[in-house]
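Here the structure comes first, spelled out in structure tokens, and everything after it is commentary.
Read the numbers this way: they start at 1 and go in the same order the structure lists the ligands and their atoms.
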Amino acid sequence: MTVWFDIAKGLERILQVTAAELKPFDDIFSAEIRQADPRFGDYQANGVLPFARSKNLNPRTLAESLTAALIDSGRLDPEVAEVSVAGPGFLNFKLQPPFLFRWLETFQNRDQLREAAARHYKGRKIVVDYSSPNAAKQMHVGHIRSTVIGEPIKRMLTFYGARVIGDNHIGDWGTGFGKLILAIKSTDYDLEVERENPLADLEALYKRGNQMAEDSGEALQQARQELVKLQNDDAENRSCWESINRISRAGFHKIYRRLGVTFDHELGESFYRDKVERVYRELEETGVGRESEGAWVVFFPHHARFKEQPFIYRKSDGASNYASTDLATALYRLEAFEADEIIYVTDSRQRDYFEQLFLAVTAWFEKKGYKLPRLQHVWFGTILGDDRKPMKSRSGAPIFLNDLLDEAVERAFRIVEEKNPHLTTGEKQDIAETVGVGAVRYADLMQNRTGDYVFSWNKLLSLEGNTAPYLLYAVARIKSIFRKMGVPENTPLPHATPLETEAERGLARKLTAFPHALDQALSDLKPHHLCTYLYELAGAFSTFYNADKVNVDEPGPRQRRLMLCQRTSLVLQTGLHLLGIRPLEKM
Ligand code: ARG
């Protein structure tokens, strides 16, 4: 019996080859497999209907001939799945208990899952550009999404065998530095003194510099000069800039440590400042860019929306901008990292920008004969407050990420104290940190990223519903089952007997759908598919656990039920890990 890791993919393959051999199917036919309504089966193929419509044929007859061919070809082992035609011409597949059991026996631990998954993206080099905050500013709640969404994308792609390079493209270069340096100098602010929250000071200083430049033409002039001096490598300004960056990065890293987020590179915008000349040269020589009113731009005369909206990549004063840096960054990622794919994670306000960037890069690389990496913009909506406006504190000030996480942990601590008063304070704190931080992240990840969502403390910390506490609790509960039975969680279970009860089979079905959920999450780079799946899995486990006693004497049922507990724990923990959340032993 072939044990497919991703069953939907396996079914899709056999359906595709069978249709290819069968008249009148041709390549218009889509063998795509999706999850079925559980009342009718596990997976469904819907491609016969549109195909029949386009050829003016009877879908039901076509579906029946396809089903017969699938069975006759021997490609669909009857022990794996039963196929039937439903309604006007859907193909329904129902997985069979022997196959479910074999799947569970085949994938026993994280390494085995990883090995099977890693065949899919093997060797593909993918750069994930995420988090990417701007220097001299505290990360506020608006910055959480890029970091929180980028991390699972990186982890899932790695799990699937890609060679992923996480790059935190920090905004550490730009016109703002002139104003900031002006304010630092005019207030004699000493950057070398240790302080409680130096990033907050820098933010205030930047505002002050900005105000100064707004209030007086002379100050504006001075700020410009400071910037020119920095760009010309003036020693004092250079060292000032370095301190600002050191302070900023230290502040960001405090948050990354809390979130368990790490990067392979943090090149930052400044890394590309000597690489923009080549961009200017090549865009000019290929005719992709041209001068317009003193600035350098790419026009999109045939584009419906961008006809009147050129892409400016060099300002009329000759200075570089966000776009020039990103053009240079794309080329660097191709040449230095040999990227097959580049993924950018930012908010939805940058959609037009990235669409234009991708058009410009495509035209430029094509003209130069460079291999074009696949470029994807993973964008997300806004976190809203109760008033359905972008979330702010009561006083209307922005909410800083660190404060938000602190509050989450405090609230989680109170819940742990109430539920588990007998734990030591250290244990409570440890649990609260994981639950609090995990809850905030999960609340973000479980949403379809392209929408906005309303932030709600009560919802995200609830032990019921699609939340991190619920999933963490589900893992802790399975761990306590093993503890109470006095069996180690990784104990071998050689005497497990075939699945018998409805609840056992239901849980096994859900477990085997893990790869399909990951595949969905990766194909549109939306982690919420994985969240939905984990939530449903935890539900299937509860149903099983309420229906069937695990601690029975008979070795067969006892071992197979323990096996179901083990595999649920494995999949839940692997899933949480991929989302960036560390599971707990106890809760
Ligand atoms: N620093 C930018 C911002 O805060 C995000 C950078 C995203 N990455 C990029 N390559 N443009 O909006």
Side-chain angles (χ1 to χ4, degrees), residues 126-151 153-154 164-177 180 199 202-203 206 241 244-245 248-249 251-253 255-256 261 263-273 275-276 279 298 311-315 320-337 339 341-362 364-365 372-383 390 398-401 449 525:
I126 306 178
V127 174
V128 184
D129 174 326
Y130 71 112
S131 195
S132 310
N134 295 326
K137 280 194 191 136
Q138 299 180 82
M139 282 168 96
H140 59 76
V141 61
H143 289 112
I144 195 175
R145 300 203 78 182
S146 176
T147 314
V148 160
I149 295 169
E151 185 68 19
I153 288 178
K154 192 179 79 179
V164 185
I165 297 162
D167 187 6
N168 187 10
H169 191 75
I170 296 177
D172 61 358
W173 197 246
T175 50
F177 282 95
L180 180 55
L199 214 50
L202 289 183
E203 202 167 343
Y206 174 76
W241 174 78
I244 296 166
N245 278 318
S248 305
R249 283 172 196 245
F252 301 151
H253 277 269
I255 292 178
Y256 297 146
V261 167
F263 301 94
D264 302 288
H265 292 284
E266 275 188 341
L267 298 178
E269 292 181 17
S270 65
F271 178 76
Y272 300 96
R273 58 188 192 273
K275 298 180 176 54
V276 291
V279 173
V298 179
F311 184 62
I312 305 172
Y313 65 90
R314 188 174 195 181
K315 295 193 279 190
S320 63
N321 64 3
Y322 189 51
S324 17
T325 306
D326 262 328
L327 289 164
T329 307
L331 184 60
Y332 185 81
R333 287 172 176 164
L334 172 70
E335 293 187 337
F337 300 149
E341 213 170 300
I342 309 174
I343 293 168
Y344 300 83
V345 189
T346 84
D347 67 67
S348 60
R349 287 171 305 182
Q350 297 194 36
R351 282 176 77 188
D352 277 359
Y353 170 77
F354 277 105
E355 212 178 316
Q356 292 196 322
L357 175 71
F358 295 173
L359 288 169
V361 169
T362 306
W364 167 30
F365 281 21
L372 182 70
R374 177 173 187 206
L375 303 167
Q376 295 196 79
H377 183 209
V378 168
W379 52 274
F380 49 80
T382 309
I383 307 182
I399 298 175
F400 298 117
L401 197 43
R449 63 173 164 77
L525 299 175

Atom 12 (O) of ligand 1: the protein heavy-atom neighbour that sits closest, reported with distance to 0.1 Å: Gln350 NE2, 2.8 Å
Closest approach of any protein heavy atom to atom 8 (N) of ligand 1, naming residue and atom: Asp129 OD1, 3.1 Å
Got a donor-acceptor contact below 3.5 angstrom from the [X] side chain to the [Y] backbone?
{"X": "Arg351", "Y": "Ser348", "answer": "no"}
{"X": "Arg249", "Y": "Glu266", "answer": "yes"}
{"X": "Ser248", "Y": "Ala135", "answer": "no"}
{"X": "Arg449", "Y": "Trp379", "answer": "yes"}

Residue-ligand contact Asp326/ligand 1, heavy atom below 4.0 Å: yes
Heavy-atom gap His143 to ligand 1 smaller than 4.0 Å: no
Atoms in ligand 1 flagged as close to [X], the criterion being non-hydrogen separation under 4.0 Å:
{"X": "Thr346", "result": "7 (C)"}
{"X": "His169", "result": "8 (N), 9 (C), 10 (N)"}
{"X": "Tyr322", "result": "2 (C), 5 (C), 6 (C), 7 (C), 9 (C), 11 (N)"}
{"X": "Tyr344", "result": "10 (N)"}

Aromatic plane relationship, Tyr332 with Phe271 - under 30° parallel, 30 to 60° tilted, over 60° perpendicular: perpendicular
Aromatic ring pairing His253/Phe263, orientation class (parallel under 30°, perpendicular over 60°, tilted between): perpendicular
Backbone or side-chain N or O of Asn134 under 3.5 Å from ligand 1 N or O: yes
Test of proximity, Arg333 against ligand 1: N or O pairs below 3.5 Å: no
Contact partition for Phe354 relative to ligand 1, non-hydrogen atoms under 4.0 Å: side chain
Region of Asp347 engaging ligand 1 - heavy atom pairs below 4.0 Å: neither
Validation row, ring centre Tyr130 to ring centre Tyr344 under 6.0 Å: no
Nearest-0.5 Å distance, CG of residue Leu180 to CZ of residue Phe177: 7.0 Å
